[in-house]
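Below is one structure, written out as structure tokens; comments come after it.
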2 protein chains.
Amino acid sequence: MVQIPEQPAPSLPAQRSVPTSADVARVAGVSRATVSYVLNNTGAVRISEPTRRRVHQAARDLGYVPHAAARSLRAGHSRMVLMPAPTVPAGPLYSQFFNELQWALSRLDYTVVQYGSVGLQGDEAARAWAELRPVAVLVPGSGLGPQGVAVLKRSGARAVVTLGPERVEGAHALLMDHSIVGRCAGAHLLARGRRRVGVVMPEDPELELFSKPRLEGVRQALHGQDATVTEVPLAYEEEAAAQLAKGWRSLGLDAVFAYNDEYAMLLMRALKDEGVRIPDDTAVIGADDLMLGRLLRPRLSTVHIELPSGQELAELVDRAVRAAGAVPETHEVLGATVVHRAST
Amino acid sequence: MVQIPEQPAPSLPAQRSVPTSADVARVAGVSRATVSYVLNNTGAVRISEPTRRRVHQAARDLGYVPHAAARSLRAGHSRMVLMPAPTVPAGPLYSQFFNELQWALSRLDYTVVQYGSVGLQGDEAARAWAELRPVAVLVPGSGLGPQGVAVLKRSGARAVVTLGPERVEGAHALLMDHSIVGRCAGAHLLARGRRRVGVVMPEDPELELFSKPRLEGVRQALHGQDATVTEVPLAYEEEAAAQLAKGWRSLGLDAVFAYNDEYAMLLMRALKDEGVRIPDDTAVIGADDLMLGRLLRPRLSTVHIELPSGQELAELVDRAVRAAGAVPETHEVLGATVVHRAST
DNA sequence: TTGAAAGCGGTACCAT
DNA sequence: ATGGTACCGCTTTCAA
């Protein structure tokens with residue numbers, strides 16, 4: 001076997017390492033400054049058309065791609081908006097909201113990046129995020145404390161926005177109080193004449209963030225109404241639902257708020273198999289207004305949830321970035337309305 | 001109203017700008033080099049314990065967070081693994097896979113980042129990604145061409161891995177050929193004695209990536225078997241399903257592969273409402289093996305899909321990064337098995 | 001054990 | 001119209 005030494009192609013220099021603007025300059029026969037002016041279309045400086053062409057040509061030939069880190073290091077800032085990547089499967093509702101947001105932000109010339117923060121606790125995660133020096137940070141859920149906000153701001157984040165149950169000192173807040181979902185459901189059941197209301201509590205601890213406020217909302221709606229609220233723990237498994245259904249009558253409930261439509265479907269199936277009539281014996285209401293609720297029989301009543309538009313949030317972020325240091329805004333953004341169908 | 005001029009707290013210098021390692025050095029009374037040694041636990045250099053303490057103290061006091069861009073600029077590489085953020089709501093299957101992957105990669109000391117690439121076409125997106133100089137890029141779906149792979153590699157990416165229907169020149173490939181899902185479903189229906197098979201084609205163009213290969217798989221399974229395959233377009237809406245069901249009998253189908261469990265549920269409901277008996281008149285099979293299939297009546301037969309473990313993919317990435325330049329691996333990773341229930 | 005200084009890849013000011 | 005150059009924050013030789 002003949003050893004053929006690796007020869008660089010004669011036409012272009014041996015491109016083993018990443019081309020830099022200096023390489024482009026060398027090939028084009030100009031200075032690095034000129035390369036920068038041309039590639040960034042710097043308005044304040046006029047570069048002759050032939051030179052521009054040579055620079056562009058050289059950049060293309062070399063496959064030059066600017067180095068974001070170097071650029072933002074020099075500039076002292078970036079246009080990166082950072083969010084933690086969701087750790088729990090996002091429903092269609094949230095996915096759509098997030099896509100909208102992403103689209104709107106890129107329209108405003110921001111770069112959206114989701115940071116995979118598995119195993120990092122709140123303020124510890126904040127340090128990791130801060131290393132990237134994002135211009136803005138969007139944090140869904142709770143878990144980011146005032147400390148974390150402070151770290152981010154001290155690291156140059158011009159806007160920190162939380163989307164969650166409560167305000168955090170120093171951050172803009174999109175308050176998403178899920179108790180309103182429970183209140184809607186509770187009020188509806190009450191209006192339908194139900195008094196002994198169960199509330200399904202998913203056993204997945206990740207969901208407590210939503211399930212607890214929803215439960216609390218039901219409590220609020222039924223408070224002082226000669227009605228009872230009963231927590232009904234349920235794992236998202238057929239067997240668990242069957243067990244629950246078996247003892248259902250002994251719970252003496254005439255209605256149940258099933259956390260969301262998926263748990264509602266799980267429970268309804270088990271109840272039906274047990275001969276519990278819906279809504280006669282037990283009314284069932286879900287939440288999220290998923291397609292599947294319309295397909296169930298009886299059709300599932302549900303709480304339709306309205307998230308803020310991604311467009312609006314994007315504008316809030318942009319405003320906050322421009323007017324950094326302004327007093328943080330707080331918006332109540334969760335809307336909820338009952339969609340009454342046959343199951344209640 | 002008395003104007004109170006903003007005074008910096010006297011204890012610490014006015015922290016308007018972001019603290020750097022030089023600030024830490026100044027406060028600790030050491031050089032920047034020493035700060036770097038201490039904070040990175042550099043093994044080759046011994047720093048006295050009192051000095052270490054002073055540095056750590058200063059860093060904490062200032063709220064110092066290292067600048068990732070500066071660090072990786074100097075180092076010449078990063079540990080960032082980049083993926084495009086999904087643009088279509090990810091199901092529980094994919095979400096779990098992705099969480100596993102993320103976790104496994106962070107165990108290997110990589111940082112996982114999802115880049116929001118809305119409105120960017122394949123190779124154009126690749127340039128944007130390349131600006132971040134990730135050490136590895138993971139691209140689900142098609143859309144990245146050999147050009148894009150080349151751009152990424154020239155920009156220093158030591159591994160490019162595609163997860164999709166086909167190999168891409170220069171990149172490692174996790175081949176996910178969804179035709180196997182259709183083949184499974186087709187073979188199953190055939191074995192159940194069905195010969196006139198419909199295949200639901202979602203109208204969402206984002207889903208073509210999966211629906212076309214699945215259709216093709218059904219065709220393969222039924223080829224030369226005196227059976228027919230009929231495409232059945234369907235939008236994910238109740239009304240569309242009702243319309244389809246109305247003309248169902250005239251289609252003369254004795255079985256249908258419904259793309260996935262959600263479309264199956266939509267279709268089954270409409271068929272039932274129209275008095276079409278399942279499985280007697282028409283057998284229905286879905287895919288993805290979602291919980292909801294078990295809750296339908298009749299219980300939904302489905303194609304259970306097996307994705308690679310996130311752990312395995314993480315190891316592939318790590319191997320590829322270490323042995324950059326090695327010949328790209330190709331793995332066939334999609335498993336599919338029929339789960340036979342009552343609907344077929 | 002610690003410090004001085006070069007340099008990573010760009011940008012922008014100041015000359016020419 | 002272009003080039004020279006200082007500098008962004010950090011790591012890492014090399015010297016002291």
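Protein chains get the first letters and strands the later ones, always in sequence-line order, with residue 1 at the start of each.
Across all non-hydrogen atoms, the minimal contact from A/Ala320 to A/His172 is CB-NE2, 3.5 Å.
Taking the six-membered ring where tryptophan is involved, the planes of B/Tyr94 and B/Phe97 are tilted, since the angle between them lies from 30° to 60°.
One can place OH of A/Tyr64 at 11 Å from C1' of C/dT11, the figure rounded to the nearest angstrom. Atom C1' of nucleotide C/dA12 and atom CZ of A/Arg32 are separated by 12 Å, given to the nearest angstrom. Atom CZ of A/Arg54 is separated from atom C1' of D/dA1 by 12 Å (rounded to the nearest Å). Residue B/Leu73 contributes atom CG, which lies 14 Å from atom P of C/dG7 at whole-angstrom precision. In this structure, B/Arg26 places its CZ atom 11 Å from P of D/dG9, rounding to the nearest Å. For A/Arg74 and C/dT11, the CZ to C1' distance is 5 Å, given to the nearest whole Å. The nearest whole Å value for the distance from the CG atom in A/Leu39 to the C1' atom in D/dT2 is 15 Å. For A/Glu131 and D/dG9, the CD to C1' distance is 13 Å, given to the nearest whole Å.
Phosphate contact (OP1/OP2 of C/dG10, side-chain N/O of A/Ser72, threshold under 4.0 Å): absent. The phosphate of C/dG10 has OP1 or OP2 within less than 4.0 Å of a side-chain N or O from A/Ser21. Neither OP1 nor OP2 of C/dT2 sits under 4.0 Å from any side-chain N or O of B/Ser31.
Judged by closest nucleotide on DNA chain C, B/Gly29 is the one of B/Arg133 and B/Gly29 placed further toward the 5' end. Comparing A/Tyr37 and B/Ala75, the nucleotide of DNA chain D nearest to each residue sits closer to the 5' end for A/Tyr37. The 5' end of DNA chain D is approached more closely, in terms of each residue's nearest nucleotide, by A/Ser48 than by the other of B/Ala69 and A/Ser48.
Here A/Val30 lies in heavy-atom contact (under 4.0 Å) with sugar-phosphate atoms only. B/Ser36 comes within 4.0 angstrom of a nucleotide base, judged by non-hydrogen atoms across all strands. B/Arg52 comes within 4.0 angstrom of no nucleic acid atom, judged by non-hydrogen atoms across all strands. The residue B/Thr51 sits close only to the backbone: its heavy atoms come under 4.0 Å of sugar-phosphate atoms, none of a base. If you check every strand for non-hydrogen atoms under 4.0 Å, A/Arg71 touches sugar and phosphate atoms only. Contact annotation for A/Val65: backbone-only contact, meaning every heavy-atom pair under 4.0 Å involves sugar-phosphate atoms and none involves a base.
A cation-pi contact, defined as under 6.0 Å to the ring centre and within 45° of the axis, links B/Arg107 to B/Trp103.
A donor-acceptor contact closer than 3.5 angstrom links the side chains of B/Trp129 and B/Ser117.
Within the 4.5 Å cutoff, the side chain of A/Met80 has no heavy atoms near those of the A/Val135 side chain.
Side chain of B/Ala33, nearest nucleotide from C/dG10, C/dT1, C/dA4: C/dA4.
Once rounded to the nearest 0.5 Å, the distance linking CD of B/Gln102 with OH of A/Tyr115 reads 10.0 Å.
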